[in-house]
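First up is the structure itself, then whatever we jot down about it.
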Amino acid sequence: MEYASKRIRRQKNSRSVYSGAEHRLQFYKIPPKETVSLQEFEEYAIERLKVLKAVENAGIRFMRGSEEYNALVEKEIKKTRLAKIIRTDFSTNEEEYRMDHISHFILRLAYCRSEDLKRWFLQQELDLFRFRFLKETAEGKQKFLQVNKLDYNPISDEEKKEVLQSLIASAGKNSTTADTVEYFKVPFTEVLDLVRGRRVYLSRGFAYVPKDDMIVILITHYRAHLSQQLALTSRALPQLEEDNRLLPMLSGLSKRYLGQDYSTKKSNIGKITAEMIDSLSKQSFPPCMLNLHQAMKRDHHLKHGGRMQYGLFLKGIGLSLEEALRFWRIEFTKSMDGDKFDKQYSYNIRHNYGKEGKRADYTPYSCNKIIMSNAPGPGDNHGCPFRHTDADLLAQKLRLQGISKDFTDKIMKYTREGHYQIACKVYFDATHSGADDQDVHINHPNQYFDESQLFYSGKKEGKIPNTPARTGSQRSSQSTQLSQASQNSQPVSQNATMDDEMMDDDLCMAAMETA
């Protein structure tokens with residue numbers, strides 16, 4: 001008890017550092033120097049990762065700074081525990097500042113491990129900073145500049161008169177208000193983005209920047225600082241190699257699935273039978289699972305990767321072990337005898353349900369796992385069609401399914417840019433007429449299935465599309481029952497897809513001083 005009390009007192013004293021924060025928005029120059037539990041460490045990392053993923057998704061779908069972009073980012077951030085970092089009032093709460101501060105440094109440790117990870121983290125943090133700064137009040141913006149010693153003063157009226165015509169010429173569509181706007185004179189190297197876009201007047205190595213574009217200067221400072229710190233952090237990582245509690249968590253964060261737990265739905269067991277799978281596949285299966293189902297119906301067989309991906313998906317929608325064994329046996333015994341199936345394949349099915357081997361309750365694969373691991377080889381049918389299918393063949397398949405040219409072009413655009421889950425969401429919209437729900441982000445095949453079932457049960461607005469891809473998939477009594485059952489989906493679980501073993505209680509945040 002004495003040790004615990006000392007520990008609590010030390011944490012309380014360390015947290016008081018945040019109560020004196022001059023501004024809730026920061027460049028993260030001073031790393032945290034306190035002790036937090038491993039549970040807290042993981043929770044903070046997950047919450048910030050959710051925020052950065054929301055920023056990324058909004059940036060893919062809308063132009064940065066647009067009303068749609070700002071609305072989507074704000075809506076998604078408000079769903080996390082970091083919701084208060086986008087408040088419009090000026091006060092700074094100690095606990096919210098602490099979570100914001102610590103979570104940034106945790107992800108800095110996780111995302112300094114490769115150039116691709118660094119690039120992703122840097123871009124999302126810059127976009128998050130831009131979004132937060134632009135939401136600040138005029139008083140908040142000015143105080144931030146003062147706190148960070150960015151003493152930029154507007155040019156004098158005399159100087160402005162001398163260059164007014166040049167300022168008007170460089171203002172473009174804002175030329176009518178150029179004479180009333182405050183301008184700042186800064187070295188042109190600090191606003192290269194504005195120079196590249198020909199949005200500022202240049203003279204003798206200086207750029208005349210309008211007040212509304214000062215965010216570009218801040219982004220330049222933040223980019224330089226964060227890039228340097230990520231490089232320094234990556235050099236310090238070998239010091240953490242002896243800590244087998246921390247490294248597995250950090251290395252897995254970039255591939256972490258953050259959505260709902262799609263373990264077996266006990267509410268659906270008994271309501272889904274082997275005979276229902278074929279009709280459900282035409283109605284509500286995502287492309288990856290529809291591809292596997294069609295391959296199995298054609299070949300009466302799937303290789304191991306396909307059986308794992310498809311079998312766990314079926315488990316996740318509520319197919320019981322008994323029905324799963326019957327479903328696979330019906331198909332496989334069309335090309336082999338029953339004894340061969342029992343000897344070579346039934347064990348694998350029981351293993352997925354935790355009835356063989358180490359009896360683990362395996363979780364259905366998320367989109368990230370399907371995209372990033374175990375790429376399909378010759379003769380394989382698993383994987384993500386948007387990631388692993390040749391572009392021309394994919395476009396041909398979309399057209400054969402009756403997807404319109406506009407939707408096909410949009411899907412192919414996101415596919416070529418590497419935004420495979422966004423492409424899947426567009427596919428969902430194309431095959432569920434009127435289902436353009438901006439709140440839905442496809443992160444899991446079972447999520448796709450649930451969203452489709454909600455749509456067909458009438459919980460989502462829209463009408464049933466009349467396309468070749470949906471022929472014969474009108475609502476039957478069975479699918480209606482399943483739709484109702486899917487409403488009882490399990491709540492979000494942050495730890496449900498954790499691949500690592502359970503870790504110890506504490507972690508000294510001094511490890512982050514290396515960041």
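When a residue number appears, it is its place in the shown sequence, counting from 1. Since we're looking at a predicted model, the values are computed, not measured.
- For H419 and F386, the distance between ring centers is not under 6.0 angstrom.
- With values rounded to the nearest 0.5 angstrom, I277 atom CD1 is found 8.5 Å from M296 atom CE.
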Hey, mind stepping through Y362 and M308 against side-chain contact (heavy atoms from CB on, under 4.5 Å) and telling me if it holds? CA-CA 10 Å; Y362 290 96; M308 289 295 294; 5.6 Å; no

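- Considering only residues two or more places apart in sequence or on other chains, H221 meets the side chain to side chain donor-acceptor pair (under 3.5 Å) condition with Y152.
- Remark: D278 engages K282 in a salt bridge (Lys or Arg N to Asp or Glu O under 4.0 Å) (not counting sequence neighbours).
- Between the side chain of T333 and the main chain of M336, no donor-acceptor pair closer than 3.5 Å is present.
- Between the CG atom of L107 and the CG atom of L250 there is a distance of 9.0 Å, given to the nearest 0.5 Å.
- E417 pairs by the salt bridge (Lys or Arg N to Asp or Glu O under 4.0 Å) definition with K413, not counting sequence neighbours.
- You'll find the ring centres of W120 and Y111 inside the 6.0 Å limit.
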Please test R81 against E43 for side-chain contact (heavy atoms from CB on, under 4.5 Å), starting from the C-alpha separation and ending with a verdict. CA-CA 9 Å; R81 291 175 58 191; E43 288 174 356; 3.2 Å; yes

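- Ring-plane geometry between F332 and H301 is classed as tilted, the angle between the planes lying from 30 to 60 degrees on a 0 to 90 degree scale.
- The aromatic rings of F129 and F133 sit parallel, their planes meeting at an angle under 30°, below the 60° perpendicular limit.
- Y353 does not carry R350 over the face of its six-membered ring by the limits of under 6.0 Å from the centre and within 45° of the normal.
- Atom NE2 of H351 sits about 8.0 Å away from atom CG of N348, to the nearest 0.5 Å.
- Put simply, the side chain of M412 reaches to within 4.5 Å of the side chain of R416, judged on heavy atoms.
- Counting all heavy atoms, side chain and backbone alike, A295 lies closest to L302 at CB-CD2, 4.1 Å.
- Side-chain atoms of C367 and I442, non-hydrogen and from C-beta on, do get closer than 4.5 Å to each other.
- A salt bridge (charged side-chain N to carboxylate O under 4.0 Å, His left out) with D116 is found for exactly one of R113, K118, R119, namely R119.
- Under the salt bridge (Lys or Arg N to Asp or Glu O under 4.0 Å) criterion, K334 pairs with E331, sequence neighbours left out.
- Looking at E451 and Q447, their side chains never bring a donor and an acceptor atom within 3.5 Å of each other.
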Between I370 and M289, does the side-chain contact (heavy atoms from CB on, under 4.5 Å) criterion hold? Intermediate values first, please. CA-CA 11 Å; I370 293 171; M289 300 305 168; 4.2 Å; yes

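- Under the 6.0 Å cut-off for aromatic ring centres, Y448 and H444 do not qualify, their centroids lying 6.0 Å or more apart.
- In this structure, Y365 and P445 have side chains that are not in contact, with every pair of non-hydrogen atoms separated by 4.5 Å or more.
- Under the 3.5 Å distance criterion, with hydrogens and angles disregarded, no donor-acceptor pair is assigned to the side chains of H293 and R298.
- In this structure, L394 and T389 approach most closely via the heavy-atom pair N-CG2, 3.9 Å.
- Scanning all heavy atoms of the two residues, the minimum distance from A423 to T415 falls at CB-OG1, 3.7 Å.
- In this structure, the side chain to side chain donor-acceptor pair (under 3.5 Å) partners of S103, at least two apart in sequence or on a different chain, are R48.
- Under 3.5 Å, the side chains of E76 and N57 contain no donor-acceptor pair of N or O atoms.
- Taking the charged nitrogens against the carboxylate oxygens, D361 and K355 have no contact shorter than 4.0 Å, which rules out a salt bridge.
- Side-chain N/O atoms of Q453 and Q283 include a donor and acceptor closer than 3.5 Å.
- Of all non-hydrogen atoms in I349 and F341, the two that sit nearest each other are CD1-CZ, 3.8 Å.
- With respect to the salt-bridge test (charged N to carboxylate O, under 4.0 angstrom), the residues E125 and R108 do not qualify.
- For the residue pair Q309 and C288, the shortest heavy atom distance occurs at NE2-CB, 3.8 Å.
- The line from CD1 of I411 to CZ of F428 is 12.5 Å long, rounded to the nearest 0.5 Å.
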For side-chain contact (heavy atoms from CB on, under 4.5 Å), just list the numbers for I371 and Q421, CA-CA rounded to whole Å, side-chain angles, deciding distance to a tenth of an Å, and then say yes or no. CA-CA 9 Å; I371 291 168; Q421 290 162 249; 4.1 Å; yes

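- Using modelled atom types and a 3.5 Å distance limit, the side chains of E74 and N70 yield no donor-acceptor pair.
- A heavy-atom distance below 4.5 Å is found between the side chains of I102 and I106.
- Atom-to-atom distance recorded for K315:NZ and N446:CG is 11.0 Å, nearest 0.5 angstrom.
- For D380, the salt bridge (Lys or Arg N to Asp or Glu O under 4.0 Å) criterion is met by no residue, not counting sequence neighbours.
- E323 has its side chain out of reach of W328: every pair of non-hydrogen atoms, C-beta onward, lies at least 4.5 Å apart.
- Every residue meeting the ring-ring contact (aromatic ring centres under 6.0 Å, His included) condition with Y28, not counting sequence neighbours, appears here in chain and number order: H104.
- The side-chain heavy atoms of N443 and N368, taken from C-beta on, include no pair separated by under 4.5 Å.
- Of all heavy-atom pairs between R196 and D193, the closest is NH1-OD1, 2.7 Å.
- F313 has its ring centre less than 6.0 Å from the ring centre of F285.
- Salt bridge D429/K425: present, at least one basic N to carboxylate O contact under 4.0 Å.
- The closest side-chain heavy-atom distance from L128 to L52 is below 4.5 Å.
- With sequence neighbours left out, the ring-ring contact (aromatic ring centres under 6.0 Å, His included) criterion links Y420 to no other residue.
- Side-chain contact annotation: Y44 with R98, donor-acceptor N/O pair under 3.5 Å present.
- For the atom pair CG of L122 and SG of C112, the computed distance is 13.0 Å after rounding to the nearest 0.5 Å.
- Looking at residues two or more places apart in sequence or on another chain, you find no ring-ring contact (aromatic ring centres under 6.0 Å, His included) involving Y69.
- Residues forming a side chain to side chain donor-acceptor pair (under 3.5 Å) with Q396 (at least two apart in sequence, or on another chain): none.
- Using modelled atom types, one finds no donor on one side chain facing an acceptor on the other under 3.5 Å when comparing Y310 with H382.
- Identified under the salt bridge (charged side-chain N to carboxylate O under 4.0 Å, His left out) test for residues 340-349, with sequence neighbours left out: R329-D342.
- The shortest distance between side-chain heavy atoms of L290 and Q294 falls below 4.5 Å.
- Listed by chain and number, the residues in a ring-ring contact (aromatic ring centres under 6.0 Å, His included) with Y414 amount to none (sequence neighbours excluded).
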